[in-house]
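Reviewing the structure listed below.
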Amino acid sequence: MLRPYQKEVIAEVYHKIRCGKYKLLVFSATGSGKTIILSKIIADARSRNRRSLILVHRDPLIQQTANKLNAFGLDCGFIKAGWAENRGALIQVASVQTLANRHWWREWDTDLIIFDECHITAFSRMAQEILATYPKAIYLGLTATPWRLSKGEEMGDVFTDLVTAPMPCELIDQGFLIKPSYYSAGQAQLEEAGTLQGEFNPKDLAFLCDRVELIEQITREWFRLGFNRRTIVFAVNVTHSQNLCSAFERQGIASRHIDGNTPISLRNEIYQELANHKISVLCSCLTLTEGFDVPSVDAILLCRPTQSKALYFQMVGRGLRLSPSTEKTDCLILDQGGNIERHGFVEDLKREDIELNPSPEKEQGKPPTKVCACGKLLYAFRLECPSCRHSFEIKQKYAIAVGLERFLTESDVERLEFYRKLLKKSFQRKIPPTWAASKFKEKYGHFPPWDWARSAVFDGQPSPKQKEIYREYIIQAAQKKNKGKHWIERYLTLEFNSD
């Protein structure tokens with residue numbers, strides 16, 4: 001069943017095609033059902049006996065695309081080493097790497113060509129050959145991250161028109177995506193890191209990030225803020241990922257590492273272990289940004305600084321999918337690499353930010369904000385609160401071992417305050433805290449992040465007597481709502497163990 005906005009996107013695509021627009025970029029945020037949109041368009045083309053060629057760039061995306069097409073009752077052939085070839089099929093799923101080694105597709109006379117993850121596939125060497133081979137075909141580029149890292153390349157170099165699905169903030173408020181909760185160490189000092197093709201130099205990042213004190217910091221912060229969450233960790237390189245994994249294992253946390261050499265079958269086994277919570281932490285480098293689909297993931301550790309806005313959105317987006325089988329109502333983003341300050345909040349993305357040919361002078365978004373202990377909203381770069389004169393510690397080194405601070409969008413300041421007042425009212429009235437979450441959803445359209453309940457009821461350090469009263473309150477609430485031990489422990493941990 002297509003969601004209303006998915007039907008609207010497809011309708012707009014068809015309208016533009018009828019108007020003679022044959023090179024369309026379709027922006028659809030991570031978790032919005034991009035592959036479902038793609039499958040419906042292909043199914044419609046198949047019903048008209050039209051041929052479709054789908055280009056992907058990673059092996060996991062071959063399987064993912066095939067599964068979605070099969071769900072629509074569509075059979076396809078594959079242009080990919082190790083996959084069954086069926087030249088008679090009207091739908092072909094192709095790897096851009098394999099296309100270069102096979103030639104029959106040049107005579108296949110396709111009608112519709114789809115660049116999946118087009119911020120990559122549409123700029124491959126094979127894309128230029130395809131465009132030259134089929135100048136009259138309809139081209140659709142689908143992506144959740146329509147930005148190129150190279151300053152000399154823009155989406156408008158390939159596509160002429162744009163179709164946009166709802167922005168992440170709209171999907172969150174409509175209940176189709178999960179609300180993230182952000183923590184950051186602040187702006188990372190990366191003066192020692194050079195650049196290579198627009199991105200931080202990987203060797204420099206490895207030297208700066210793969211340090212014992214930084215690995216200890218992020219594991220400590222995970223225990224403080226994200227303990228027992230299904231977590232994926234983005235590292236700088238394979239060695240950094242392995243070291244992070246080992247650090248969690250030494251603390252008794254079931255963890256795994258994967259990289260580009262991990263066989264697909266083993267990756268799928270590990271993904272299932274994470275989904276079933278047999279492991280809590282999965283560490284990797286560049287293998288979880290596309291084709292990874294474990295909706296129950298509710299914590300993302302950004303241990304990799306990046307200049308790429310596309311990569312940043314991909315990393316954060318891995319945790320924003322709905323998970324009906326779990327009690328997931330938020331996703332915790334722990335940023336050790338200054339990425340939030342560099343690229344902003346996912347929720348701040350607006351339709352006007354999605355352009356085929358963005359102006360270099362265009363404002364890159366509002367700077368992130370943080371909340372002082374006195375409640376004053378500050379820009380993240382402020383080192384002193386003008387209200388209470390609290391002084392924030394100046395970071396002399398890259399990501400030194402200090403606690404991560406909560407970062408909020410401007411609209412979230414009001415939402416956070418509203419929810420915390422409701423939690424206090426719940427406690428005063430001795431009604432379950434789920435009432436506060438329900439009232440919040442009635443007003444804003446989505447459930448509040450679990451993390452926003454941190455130290456919400458008591459101002460300052462609660463006394464032993466207050467702790468006992470609150471503990472009894474949560475136990476009684478769990479009995480009323482038929483909740484288990486994990487639910488009780490989560491509320492108690494959020495209220496008492498936040499420091």
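Keep in mind that the numbers below use all heavy atoms, side chains included, and drop hydrogens, waters and symmetry copies.
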To the nearest 0.5 Å, what is the distance between [atom1] ([X]) and [atom2] ([Y])?
X	Y	atom1	atom2	answer
Leu61	Leu55	CG	CG	11.5 Å
Leu422	Trp452	CG	CH2	12.0 Å
Thr329	Lys179	OG1	NZ	12.0 Å
Leu171	Leu320	CG	CG	10.0 Å
His240	Leu205	NE2	CG	9.5 Å
Trp83	Ile62	CH2	CD1	6.5 Å

Can any side-chain N or O of [X] pair as donor or acceptor with the backbone N or O of [Y] at less than 3.5 Å?
X	Y	result
Asp204	Asn201	no
Tyr139	Ile114	no
Gln6	Ile37	no
Asn339	Arg304	yes
Arg256	Leu282	no
Lys80	Leu99	no
His277	Asn228	yes
Ser241	Asn237	no

Check the orientation of [X] and [Y]. Use parallel for under 30°, tilted for 30 to 60°, and perpendicular for over 60°.
X	Y	result
Phe407	Phe345	perpendicular
Trp147	Phe313	tilted
His446	Tyr444	tilted
Phe227	Trp222	perpendicular

Lys/Arg N to Asp/Glu carboxylate O, [X] vs [Y], below 4.0 Å:
X	Y	value
Glu129	Arg106	yes
Arg148	Glu153	yes
Arg87	Glu85	yes
Asp173	Arg415	yes
Arg406	Asp451	yes

Should [X] and [Y] count as side-chain neighbours, where that means a heavy-atom distance under 4.5 Å?
X	Y	answer
Leu302	Leu334	no
Ser181	Leu332	yes
Pro305	Arg342	yes
Ile218	Leu244	yes
Asn276	Gln272	yes
Tyr182	Asp412	no
Tyr419	Phe447	no
Phe440	Ser438	no

Does [atom1] in [X] sit with more than 12 non-hydrogen atoms of other residues, nucleotides or ligands closer than 6.0 Å?
X	atom1	answer
Lys278	NZ	no
Lys40	NZ	no
Arg46	CZ	no

Closest heavy-atom contact between [X] and [Y]?
X	Y	result
His119	Gln314	NE2-NE2, 2.9 Å
Ala206	Val236	N-CG1, 3.7 Å
Tyr5	Gln174	CD2-OE1, 4.3 Å
Lys68	Thr35	CG-CG2, 3.3 Å
Ala122	Ala127	O-CB, 3.4 Å
Leu404	Asp335	CD2-O, 4.1 Å

* To do: Output every pair passing side-chain hydrogen bond (donor to acceptor under 3.5 Å, both in side chains) with a member in residues 9-27, not counting sequence neighbours, ordered by first then second residue.
  =>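 side-chain hydrogen bond (donor to acceptor under 3.5 Å, both in side chains) check on residues 9-27 returns Tyr14-Asp44.
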* Got a sec, which residues hit salt bridge (charged side-chain N to carboxylate O under 4.0 Å, His left out) with Lys34, two or more places apart in sequence or on another chain? -> Asp116, Glu117
Decide whether [X] and [Y] meet the rule of one side-chain donor and one side-chain acceptor closer than 3.5 Å.
X	Y	answer
Thr306	Ser308	no
Thr262	Arg267	no
Ser323	Thr326	yes

* Given Cys283, Cys245, Ser255, the one that forms side chain to side chain contact (heavy atoms under 4.5 Å, CB included) with Val233 ->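 The single option meeting the side chain to side chain contact (heavy atoms under 4.5 Å, CB included) with Val233 is Cys283.
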